[in-house]
Amino acid sequence: MRAYGFKSNGGPEVLEEIQTPTPVPGPGQVLIEVAYAGVNFAEVQHRRGEFGEPDGHGGYDVPGLEVSGKVVALGTGARGPAVGERVAAYLPAFGGYAEFAVADKDFVRTVGALPLAHAAGVPCVCPTGYGVLADAGRLRDGETVLIHAAAGGIGSAAARIARALGANLVLGTVSSPEKGELAGALGYDTLFDREGFAASVLEVTGGRGVDLVLEPVGGPVRRASLEVLAPFGRVVVYGDLGRHDDWTADVWDLWKNSRSVAGYSIATCPLALAENRLQVAIEAGEQIPHQRKPVAQ
């Protein structure tokens, strides 16, 4: 089958079109003919080498954490979607940038009337958005949320999910005017330039700060996010877009200001929890904005 993979870590130029064997579904697995593959920052990290050296078939790794398409074969014991049904799937071990992909049956859901182009952007992004808000962030009704990278994949979903979970005020930061335009249609109450956002957030909240910050950037943004927390506020870390050096939070500062820092990774999400989040995500997927691009881009 045709796929896009990389044999060495690096920039976008290391991706190449390759021929690789069509996977065979094992016990409890589903084989999907891929119509669309989602594009996430995790695929960039994979390509850059942050998850290790390529070690797949022929020395190539094939990225792709989420796909949509049609079920074409079932492995032994794979009950659920039938052959021919339209589905979306989360692929924890990657492999979505290909004509066919195998997925564990527990991470495959039928999409109903949801267009496949929408569905491909749901299985990883939306459960992660829910997880950072509800599971790690413990968002409660009436609270205020600040979402960094507001126009990104998680940010696009999290603004709507936060509102559905009862957030009273949903704020966001962006890194450019162009991204501000994109985020403007996503349901944020107010958007800020990420540079110097802390003063703006405190001004909008009357000096109180926010209850929850979703933080995938790192470095100075992560440090400044602690400064805008209200008492008992939480910063949830779920990425490192800026590739900054690690930092150490001052436990005295956390203690004396009643602040906390948490982390979230869908890769460590318990199976039962991930299954539930995926079903919720599929049902809500129509609300998530998307863009279609040819595979070469």
Are any non-hydrogen side-chain atoms of [X] and [Y] less than 4.5 angstrom apart?
X      : Y      : result
Gln29  : Lys105 : no
Val210 : Thr205 : yes
Phe232 : Asp211 : no
Arg160 : Leu186 : yes
Val237 : Val261 : yes
Ile147 : Val170 : yes
Leu165 : Leu133 : yes

According to a hydrophobic-cluster definition based on side-chain heavy atoms being under 4.5 Å apart (Ile, Leu, Val, Met, Phe, Trp, Tyr only), do [X] and [Y] belong together?
X      : Y      : value
Phe100 : Tyr60  : no
Val108 : Val83  : yes
Val213 : Leu202 : yes
Val14  : Ile18  : no
Val67  : Val102 : no

Let me confirm one number: the [atom1]-[atom2] distance from [X] to [Y], rounded to the nearest 0.5 Å.
X      : Y      : atom1 : atom2 : answer
Ile32  : Glu99  : CD1   : CD    : 14.5 Å
Ile161 : Ser156 : CD1   : OG    : 10.5 Å
Leu226 : Glu215 : CG    : CD    : 9.0 Å
Thr144 : Leu212 : OG1   : CG    : 10.0 Å
Glu227 : Asn257 : CD    : CG    : 10.5 Å
Phe197 : Phe192 : CZ    : CZ    : 10.0 Å

- prompt: Can you list the residues that meet the side chain to side chain donor-acceptor pair (under 3.5 Å) rule with Arg223, with sequence neighbours excluded?
  reply: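 Scan of Arg223 (side chain to side chain donor-acceptor pair (under 3.5 Å), adjacent residues dropped) gives none.
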
Residues in side chain to side chain donor-acceptor pair (under 3.5 Å) contact with Arg86, at least two apart in sequence or another chain: none

Could you pull out the closest heavy-atom pair between [X] and [Y], with the gap in Å?
X      : Y      : answer
Arg194 : Ser175 : NH1-CB, 3.8 Å
Phe94  : Val62  : CB-O, 3.4 Å
Ala157 : Val125 : CB-CG1, 3.9 Å
Ala35  : Leu116 : CB-CD1, 3.9 Å
Leu15  : Pro63  : CD2-CG, 4.1 Å
Ala149 : Pro216 : CB-CG, 4.0 Å

task: Report the C-alpha distance between His118 and Tyr36 in whole Å, list the side-chain angles of each, state the deciding distance to 0.1 Å, and finish with yes or no for ring pair (Phe, Tyr, Trp, His ring centres under 6.0 Å).
output: CA-CA 9 Å; His118 284 64; Tyr36 294 93; 9.6 Å; no

Under 3.5 Å, side chain of [X] to main-chain N/O of [Y], donor-acceptor pair present?
X      : Y      : value
Asn40  : Leu65  : no
Asp61  : Phe6   : no
Tyr188 : Ala150 : yes
Glu33  : Lys70  : no
Glu203 : Ser200 : no
Ser265 : Ala267 : yes
Arg163 : Gly187 : yes

Salt bridge or not for [X] and [Y], using N-O below 4.0 Å?
X      : Y      : value
Lys256 : Asp250 : no
Glu143 : Arg234 : yes
Asp106 : Arg109 : no

query: Is there a side chain to side chain contact (heavy atoms under 4.5 Å, CB included) between Val174 and Asp193 once you walk through the steps?
result: CA-CA 5 Å; Val174 293; Asp193 188 309; 5.8 Å; no

message: I'd like to know whether the aromatic ring centres of Tyr90 and Phe107 sit less than 6.0 Å apart in this structure.
response: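 Here the rings of Phe107 and Tyr90 have centres that are less than 6.0 Å from each other.
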
query: Do the side-chain N and O atoms of Thr173 and His148 include a donor-acceptor pair separated by under 3.5 angstrom?
result: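 On atom types as modelled, these side chains qualify, holding a pair under 3.5 Å.
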
query: Please walk me through it: do Leu191 and Leu171 pass side chain to side chain contact (heavy atoms under 4.5 Å, CB included)?
result: CA-CA 6 Å; Leu191 291 163; Leu171 310 174; over 6 Å; no

query: Is the number of heavy atoms from other residues, nucleotides or ligands within 6.0 Å of CD (Glu13) greater than 12?
result: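 Count over threshold, so yes.
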
- request: For Arg47 and Asn9, run side chain to side chain contact (heavy atoms under 4.5 Å, CB included): C-alpha distance rounded to whole Å, both residues' side-chain angles, the deciding distance at 0.1 Å, then the answer.
  value: CA-CA 5 Å; Arg47 169 176 48 74; Asn9 299 123; 6.0 Å; no

- request: Go through the steps to decide whether Val71 and Leu31 satisfy the test side chain to side chain contact (heavy atoms under 4.5 Å, CB included), and finish with yes or no.
  value: CA-CA 6 Å; Val71 175; Leu31 179 64; over 6 Å; no

